Structures are given as C-alpha cells and as structure tokens.
Undergrad: 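For reference, the structure I am asking about is given below.
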Amino acid sequence: MCGIVGAVAQRNVVPILLEGLQRLEYRGYDSAGLAVVHDGQLERVRSIGRVADLTEKSAGTRGFIGIAHTRWATHGVPSVRNAHPHISKDHVAVVHNGIIENYEVLRTRLTAAGYEFTSDTDTEVIAHLIHSHYARGNSLLVATQASLAELVGAYAIGVIAADNPDQLICARRGSPLLLGVGIEEHFIASDVSALLPVTRNVVYLEEGDVVEVGRRSYQIFDTKGMRVERTVQISELNNESVQLGEYCHYMQKEIHEQPQALADTLESVCNSQSLVPGIFGAEAAATFADIDSILILACGTSYHAGLVARYWLEEITGIRCTVEVASEYRYRISVANPKTLVVVISQSGETADTQAALNHAKTHGHIHTLAICNVPESALVRLCKLRMLTRAGPEIGVASTKAFTTQLAALFLLTLILAKQRGRLTAEQEQKHLQELRHLPSGVKKVLELEPQIAKLAEQFASKHHALFLGRGLHYPIALEGALKLKEISYIHAEAYPAGELKHGPLALVDKDMPVISVAPNDALLEKLKSNLQEVRARGGELYVFADAHTHIREAEGIHIMQMPEHAGYLSPILHTIPLQLLAYYVALQKGTDVDKPRNLAKSVTVE
Ligand code: G6P
C-alpha cells in the first residue's frame with residue numbers, strides 16, 4: 001500500500017528518496033512521484049510506471065529537502081494526475097497514505113474558496129487545506145496542525161513548502177510513519193527498510209503525532225499539541241535481509257527462508273526444557289488463567305493461520321475458539337465476554353481492518369489481548385497487552401509465505417502453553433511436542449526438495465483458468481491458503497473446499513479442464529478424503545495430490561502424486577503449506593506475472 005519517504009539533509013536528497021521508494025515497492029503501488037524544493041520553487045516528478053521510470057524521469061532534479069510517494073489507488077484511477085505529491089498553488093506539496101473520509105465536504109468548501117482541484121484524490125484536499133492556513137501567515141507546522149484537526153479518517157503525511165527549504169512536517173494517525181535520525185539530516189518513511197542505507201536510528205511515531213523535522217533537530221507534538229519526547233530506537237533490521245541475493249524473486253527467497261524463520265521463531269522454546277507462558281509477555285500466566293474462550297481476528301493469510309489454530313486450540317486445550325475476518329468483526333454487533341482472549345494475527349502489525357477490529361473488541365469490553373506479529377513496534381504490538389513476535393524477518397513478497405508458517409508455529413506454542421496450564425498436557429507429551437518442534441525446520445527443508453518436481457508440475461497449470469483445492473480438518477485452511485496463493489500471484493481463479501462439501505455444489509464444476517489439488521495427510525480423515533477424490537476422478541477431474549508417505553494413494557491416469565514425507569501430526573499443516581506456495585510461485589513464473597508485486601494488491605493494507 002502507499003509508501004512515503006522524505007528527507008531534509010545537507011546533500012541532494014533525490015537519490016535517497018528514490019532508493020527509499022524502491023525499497024518500499026514491495027508494499028504494492030501503481031504510480032510514484034516526488035517533490036523537492038530547489039531555488040525557492042517546488043519541483044515535482046510523477047510517473048505511472050515503476051520507481052525505475054520515476055528515477056529516469058528525475059535525472060537532473062535536485063534539492064536538499066523533499067518528499068516522495070508510491071501510490072496504491074483508492075480514490076481515482078492510477079494516473080499521473082492522481083499520483084502524489086499533490087501541490088497547492090505551486091506552494092505546498094503533500095504526500096499521504098490513508099483515506100480522508102470527509103474529503104468531499106472539504107473539496108466543496110475549498111473549491112468555493114478558489115482552490116482548483118487537478119486530481120480525483122482525497123489527498124489533494126490536504127494540500128489545499130494546509131495552503132489555506134499557511135497563506136494566513138501560520139507556520140507550516142501550525143498550518144498542518146490546524147488542517148489535521150479538520151480531517152476525518154486515517155493518514156500518514158509528509159508536507160513541504162516552496163518558501164521553507166529547512167523544514168519538513170509529518171504526521172500520522174491510523175497509518176504507519178517513522179522518523180529516521182541521521183547526522184545533521186533527518187528522514188521520514190512508512191517503514192524502516194526504506195531508510196536502511198541512510199540510518200538505523202528511528203523514532204516510531206505514535207497515533208496523532210505531528211513532527212517538525214529540520215536538519216539539525218526535530219520536535220514532536222502529540223494529539224494535544226504538547227511537545228513530547230519519543231525514544232530513538234536502533235533498528236535491528238539488517239540490510240542484507242531485504243536484498244534478493246541469489247534468488248529470482250522475494251517470494252522464492254522467502255519460501256526458502258522458512259526453515260530459518262521457524263528456527264528463529266522457536267529458538268527460545270526449543271532451547272529450553274519446558275514451555276512457559278512468559279514467551280507471550282509478563283502478564284501471560286495470569287491472563288491465560290482468567291480466560292474461558294478465544295477470539296482470533298485477522299485478514300488474508302493471517303486469517304488462515306487463525307483457522308488452523310482453531311482446530312489445535314479446541315482439540316488440545318478444550319477452550320472454545322472462534323476465528324473471524326477482521327473487516328467483518330469490526331462492524332458486527334457481537335456478544336462480548338471479558339473472559340475471552342482476543343488474539344490478533346498480522347504479519348505487518350499495521351493492517352487497518354485488524355487494528356480497527358482490535359479496537360472494536362476493546363471498546364466492547366474485551367480486556368485480554370494478544371498480538372502475534374512479525375513487526376516489533378508495529379501498531380498491533382503496541383495496542384495489545386500480550387505479544388509474541390514471529391521472527392520471520394522482513395517479508396517483501398506481497399504473497400505471504402514465511403510469515404504464515406511462523407504464525408502457525410507461534411499459535412501452536414500458544415496451544416501447548418494453554419493446554420499445559422489447564423493440565424491437559426502431560427510432561428511426556430510436552431517433551432514429545434518440543435522434540436517435534438525442534439525437528440520442524442529440517443522437516444520443512446525436506447519438503448523444499450520437492451521444488452524441481454513442482455516446477456515441472458506447474459507447466460500443466462499455466463493454461464488453466466480455474467482450480468479447486470481440497471482439504472479436510474486441520475488441512476482445510478491449508479487448502480484455502482493454497483488457493484489464495486494461486487489466485488494472488490497467477491491470477492488463476494482458485495477456490496478451496498473442505499473435501500466433504502464437494503458433493504454439495506463444487507462437484508458440478510469438475511470436468512477435465514478443472515485441476516483439483518488435494519492436501520492428503522495421513523491422518524484420521526484420510527479414508528474419507530480418498531472417497532472424495534474418487535468422486536472427482538469419476539467426473540473426469542484431473543487430480544494433483546500432495547500425499548504423505550503410506551497414504552497408499554497411487555499415481556494413475558488423471559492422478560498425479562507429489563510425495564510428502566511421513567505424516568507430521570499436529571505440525572502437518574506447516575509442512576503441507578510449502579508445496580502449495582511453490583506451486584503458486586512456479587505457475588506465476590509460467591504465466592509471467594509480477595510475482596512479488598501482483599496487480600491490484602498491496603503488502604500492507606493500511607486503509608480500510
Ligand atoms: C494483505 C497482504 C496479505 C496479508 C494481508 C493481511 O492483503 O497482501 O498477504 O495476508 O494483507 O496482512 P497482515 O500484515 O495483517 O498479516
């Protein structure tokens with residue numbers, strides 16, 4: 001989703017802005033632009049292509065202060081006129097991430113006041129509004145603060161003015177933004193990866209913060225306009241972890257990073273002899289003792305992780321668990337229970353719907369909150385009482401892979417710890433699970449060896465328009481995740497069904513052109529699943545089965561088997577996810593799509 005970079009320095013900031021934008025490309029965008037102040041004038045360059053096009057177009061542009069943006073269209077089509085920065089009267093330039101809900105009212109008012117709108121965006125009202133206050137003699141800071149007070153909605157913004165080459169103003173409410181602290185230079189960005197070439201020292205801005213950013217100093221003001229100090233943190237993100245290295249795409253790299261990501265996420269647990277609630281925070285033991293149900297809220301892939309966890313949680317801990325799509329829950333009148341543990345799952349920790357769902361839950365009286373998240377210091381982590389950080393490292397590919405499997409690992413730990421606390425896990429079972437978790441990274445490595453075989457298999461999919469994914473029980477959410485991966489990056493229409501539901505509708509779709517992909521673990525539902533597969537075969541459907549060892553599902557005409565290792569018990573969903581990620585990746589390669597930045601999608605969905 002939209003990315004912001006800004007800089008005020010003693011040197012030409014254009015290369016810094018462009019590199020920053022390039023590093024934010026993964027968030028998803030459809031146009032890009034920048035503006036600098038040079039010789040008392042604003043210079044703006046915008047492009048509807050990639051950041052590389054903007055770079056070409058920016059040759060010769062220079063300035064010691066500037067703002068830049070990658071736009072993911074919400075209001076108005078992707079076009080140069082809608083690309084940011086938006087400029088008011090050649091004087092004030094603004095970049096914005098978020099959605100201004102009252103923009104129509106403001107637009108009417110500002111038009112009546114003589115402002116000419118040149119785009120269809122909601123953002124342009126911010127530029128004109130700030131200009132209207134600035135033109136009355138207010139400082140850029142005060143003009144911005146006054147304007148923000150009139151906005152309804154979510155924003156992260158960066159503002160510069162032609163006659164103010166020394167100050168950049170930024171602010172955030174509902175959308176992420178941080179400040180980078182350099183030596184006699186300062187920066188702003190949507191996330192820290194954009195700033196790694198220039199600084200590691202960052203200040204994570206809080207809700208409602210407005211900052212006056214100069215070269216030598218900066219001043220932060222809170223929602224009430226009071227000056228506040230915020231801690232400067234040293235980002236641990238390392239530059240190599242956001243480089244592509246030997247891989248063709250980030251998605252491929254991230255699929256292969258899963259053994260390490262899982263090992264890192266499980267490190268503290270696997271090195272110890274027993275499971276303790278403390279890994280979820282100091283108050284975890286007391287909180288867990290006080291709960292009688294669990295509510296999981298998430299979006300996209302993270303929601304699928306929640307669906308898997310429900311099977312584990314109810315079966316192993318005996319605690320009732322519901323899982324809900326965050327964008328639905330946030331608007332639903334539901335029955336609150338203060339003894340519910342609300343678990344939000346998110347890779348980014350910034351997803352607007354998940355944040356709103358969490359706030360909705362809190363407003364309705366939920367007090368026990370836990371974030372399972374991949375980004376320390378993200379909004380969700382800060383908003384929850386308890387937390388567990390997955391240690392997947394930066395995930396750049398829009399299609400989530402290593403974040404998902406590490407979320408599953410974290411959720412399985414939650415399950416075991418709750419079960420132990422409730423006396424539903426014997427010491428022997430605990431040791432057995434710990435042993436299995438220790439072996440998980442090597443188990444994933446083994447499954448990754450299927451890559452060449454899956455690459456070959458993908459050749460048969462490129463010409464298909466539809467695909468059906470089947471799974472049962474714990475593996476039904478894995479079928480959902482497999483279908484999501486395929487549609488996200490190959491644009492093939494894919495649906496997932498619990499295999500038992502086939503006969504209640506989707507079987508009507510099955511013919512020789514409909515590939516049916518089945519997750520076939522060697523578990524209690526295997527024989528049922530086999531019957532479902534027969535139903536498909538009898539209708540001429542082509543079957544692609546990811547089968548555990550000893551399932552006795554044999555290769556035959558119309559039945560293609562991908563041989564998985566021995567059944568991994570409760571951890572099996574993690575292993576069965578891997579080949580489906582690889583399948584989606586290689587089908588996308590065959591189709592020549594933009595794997596890491598699929599059309600219309602964004603990595604971090606910071607608007608509703
Ligand atoms: C976007 C991404 C998905 C992700 C979802 C939730 O749609 O493209 O890959 O699963 O957001 O994101 P989160 O960061 O909250 O896990």
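This is a predicted model, so every value here is computed, not measured. Ligands are counted one by one from 1 in listed order, and the atoms in each one are counted from 1 as well.
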Undergrad: Counting from 1, what ligand 1 atoms have a heavy atom of T301 closer than 4.0 Å?
TA: 10 (O)
Undergrad: Considering only non-hydrogen protein atoms, determine which one is nearest to atom 7 (O) of ligand 1 and report residue, atom name and distance to 0.1 Å.
TA: V605 CG2, 3.8 Å
Undergrad: With nothing but distance in play, are any N or O atoms of A602 less than 3.5 Å from an N or O of ligand 1?
TA: yes
Undergrad: I'd like to check which ligand 1 atoms, numbered from 1 as shown, lie under 4.0 Å from a non-hydrogen atom of S400.
TA: 9 (O)
Undergrad: How far is atom 6 (C) of ligand 1 from its nearest protein heavy atom, and which residue and atom is that?
TA: C299 O, 3.4 Å
Undergrad: Determine yes or no for a side-chain-to-main-chain donor-acceptor pair under 3.5 angstrom, with T265 supplying the side chain and R391 the backbone.
TA: yes
Undergrad: Does any N/O atom on T354 come nearer than 3.5 Å to any N/O atom on ligand 1?
TA: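 T354 vs ligand 1: no N/O contact under 3.5 Å.
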Undergrad: Which one holds for K603 and ligand 1: side chain close, backbone close, both close, or neither close, with close meaning a heavy atom under 4.0 Å?
TA: backbone
Undergrad: For S346, take its heavy atoms, then give the atoms of ligand 1 lying under 4.0 Å from any of them.
TA: 13 (P), 14 (O), 15 (O), 16 (O)
Undergrad: Examine Q347 against ligand 1 and note whether any of their N/O atoms are separated by less than 3.5 Å.
TA: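 By distance alone, the answer is yes.
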Undergrad: When the aromatic ring centroids of Y570 and Y311 are compared, is their separation below 6.0 Å?
TA: no
Undergrad: Can you confirm whether K445 is buried at NZ, in the sense that more than 12 heavy atoms of other residues, nucleotides or ligands lie under 6.0 Å from that atom?
TA: no
Undergrad: With only distance considered, is A399 within less than 3.5 Å of ligand 1 through an N or O on each side?
TA: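 Between A399 and ligand 1, no N or O pair is found under 3.5 Å apart.
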Undergrad: Could R50 and Y29 be counted as a cation-pi pair, given that NZ or CZ must be under 6.0 Å from the ring centre and within 45° of the axis?
TA: yes
Undergrad: To the nearest 0.5 Å, what is the distance between CG (N97) and CD (E350)?
TA: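 That separation rounds to 9.5 Å.
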Undergrad: Answer yes or no: is there a donor N or O on one side and an acceptor on the other, between the side chain of T199 and the main chain of N201, under 3.5 Å?
TA: yes
Undergrad: Can a donor-acceptor pair be found, under 3.5 Å and without considering hydrogens, that links the side chain of N374 to the backbone of G393?
TA: yes
Undergrad: I want to check a possible cation-pi pair here: R230 against Y204, using under 6.0 Å from ring centre and within 45° of the ring axis as the test.
TA: no
Undergrad: Closest non-hydrogen protein atom to atom 9 (O) of ligand 1, residue and atom name please, with distance?
TA: V398 O, 3.1 Å
Undergrad: If you measure from atom 12 (O) of ligand 1 to every heavy atom of D353, V375, T351, which option wins on shortest distance?
TA: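 Nearest heavy atom to atom 12 (O) of ligand 1 lies in T351.
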